[in-house]
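In what follows, a structure is listed as structure tokens, so that the remarks can point back to it.
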Amino acid sequence: MKLLEDRIKRDGTVLPGEVLKVDNFLNHQVDPQLMYELGGEFKRLFADAGVTRILTVESSGIAPAVMAGLQMNVPVVFARKHRSLTLTDNLYTARVYSYTKQVNNDISIDKRFIDPDDKILIIDDFLANGQAVEGMLEIAKAANVEVAGVGVVIEKRFQKGHQLVLDQGIHLEALASVTSFDDNQVHFAEDDAD
């Protein structure tokens with residue numbers, strides 16, 4: 001998606017450890033108009049998938065997931081990383097490792113918010129090593145629901161998450177596919193195809 005790639009080139013920063021910082025439009029400060037456009041692209045990419053519900057993980061996946069839910073007219077459920085007084089039992093849970101925060105989180109979704117006949121779309125901000133997506137797939141399996149696909153805003157294709165999703169036979173769509181950070185520059189799959 002050229003709009004997103006241009007924004008990453010303009011405002012993204014490559015940090016040591018193969019980290020792409022996009023906190024000025026995606027995962028700290030959010031650009032609502034860009035998120036709306038991303039939601040429309042997810043709608044287009046998964047138009048024939050029969051999606052009935054979107055799942056994501058708090059917090060950075062929420063903005064693109066909500067905009068996709070708005071565009072697709074389906075509810076959005078996000079897995080919480082921390083339990084609260086109101087989220088204590090009757091949960092689907094999975095353990096997820098966060099590379100950027102260097103911590104394990106137990107993510108949870110209340111069982112009331114996933115129906116047995118759902119066909120879910122998993123949306124997240126990044127796909128790198130695939131830990132968050134794996135956790136969401138684990139929850140989908142426990143809930144015995146069909147996964148229509150995985151949509152990510154940005155994937156680092158040179159890390160294992162891309163292949164992990166494909167190896168499970170799941171439809172994967174990345175709006176921006178990063179192939180390397182050579183010379184501290186973001187290189188996209190579309191650039192490599194030229």
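The shown structure was predicted, so the numbers you read here are calculated from the model rather than taken from an experiment. For the numbers below, each heavy atom of this structure counts, side chains included, while hydrogens, waters and symmetry mates do not.
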Begin with the C-alpha distance, continue with both residues' side-chain angles, and end with the deciding distance and a verdict on side-chain contact (heavy atoms from CB on, under 4.5 Å) for D117 and E146.
-> CA-CA 8 Å; D117 57 348; E146 186 177 349; over 6 Å; no

Could you walk me through whether I114 and L55 pass side-chain contact (heavy atoms from CB on, under 4.5 Å), step by step?
-> CA-CA 9 Å; I114 302 178; L55 299 185; 4.1 Å; yes

Would F188 and V178 count as a side-chain contact (heavy atoms from CB on, under 4.5 Å) if you check the C-alpha gap in whole Å, the side-chain angles of each, and the deciding distance to 0.1 Å?
-> CA-CA 4 Å; F188 296 102; V178 177; 3.9 Å; yes

Chi angles and distances behind the side-chain contact (heavy atoms from CB on, under 4.5 Å) call for V153, F126 | CA-CA 6 Å; V153 177; F126 271 93; over 6 Å; no

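Residues satisfying the salt bridge (charged side-chain N to carboxylate O under 4.0 Å, His left out) criterion with E37, sequence neighbours excluded, are absent altogether.
D110 places a side-chain N or O within donor-acceptor distance of the main-chain N or O of R112, the cut-off being under 3.5 Å. Checked by atom type and distance alone, the side chain of K119 pairs as donor or acceptor with a backbone atom of A49 at under 3.5 Å.
Salt-bridge check for R80 with E58: failed, with every basic side-chain N at 4.0 Å or more from each acidic carboxylate O.
Interatomic distance, K160 NZ to D167 CG, rounded to the nearest 0.5 Å: 11.5 Å. Note that CZ of R7 is 14.0 Å distant from NZ of K2, once rounded to the nearest 0.5 Å. Considering CG of L91 and CZ of F113, their distance stands at 10.5 Å, rounded to 0.5 Å. Here T13 contributes atom OG1 and I8 contributes atom CD1; the two are 11.5 Å apart, rounded to the nearest 0.5 Å. Remark: I154 CD1 to N27 CG distance equals 8.0 Å, nearest 0.5 Å. In this structure, E138 CD and E134 CD are separated by 8.0 Å, a value rounded to the nearest 0.5 Å.
Here the closest heavy-atom approach between residue Q71 and residue G39 is recorded as CG-C, 3.6 Å. When all heavy atoms are compared, the tightest approach of G135 to A94 is O-CB, 3.5 Å. For the residue pair P32 and M67, the shortest heavy atom distance occurs at O-CE, 4.0 Å. Across every non-hydrogen atom of L4 and A176, the tightest pair is CD2-CB, 3.6 Å. Taking both residues in full, the closest heavy atoms of T179 and F158 are given as O-CD2, 3.2 Å, listed atom of the first, atom of the second, then distance. Looking at every heavy atom in both residues, A140 comes nearest to V147 through CB-CG2, 3.7 Å.
Listed by first and then second residue, the ring-ring contact (aromatic ring centres under 6.0 Å, His included) pairs involving residues 13-70 are F46-H171 (not counting sequence neighbours). Sorted by first then second residue, the side chain to side chain donor-acceptor pair (under 3.5 Å) pairs that include residues 38-54, not counting sequence neighbours, are E41-R44, T52-D118, R53-D115, R53-D118.
Residues V22 and D125 have side chains not in contact (no heavy-atom distance under 4.5 Å, counting atoms from C-beta outward). Put simply, the side chain of I123 does not reach to within 4.5 Å of the side chain of V76, judged on heavy atoms. L137 places a side-chain heavy atom less than 4.5 Å from the side chain of I170. Counting heavy atoms from C-beta outward, R157 and L127 have side chains that stay 4.5 Å or more apart. Looking only at side-chain heavy atoms (C-beta outward), I107 and M136 come within less than 4.5 Å of each other. Proximity of E155 to L172: side-chain heavy atoms (C-beta onward) are separated by under 4.5 Å at one or more points. A heavy-atom distance below 4.5 Å is found between the side chains of L175 and L45. M1 places a side-chain heavy atom less than 4.5 Å from the side chain of L38.
Around CG of N144, the count of heavy atoms belonging to other residues, nucleotides or ligands within 6.0 Å does not exceed 12. Crowding of N73 atom CG: a count of heavy atoms from other residues, nucleotides or ligands under 6.0 Å not exceeding 12. The environment of K111 atom NZ is dense: over 12 non-hydrogen atoms of other residues, nucleotides or ligands sit within 6.0 angstrom.
Applying side-chain contact (heavy atoms from CB on, under 4.5 Å) to V150 and the options D124, V165, L166 leaves one that passes, V165.
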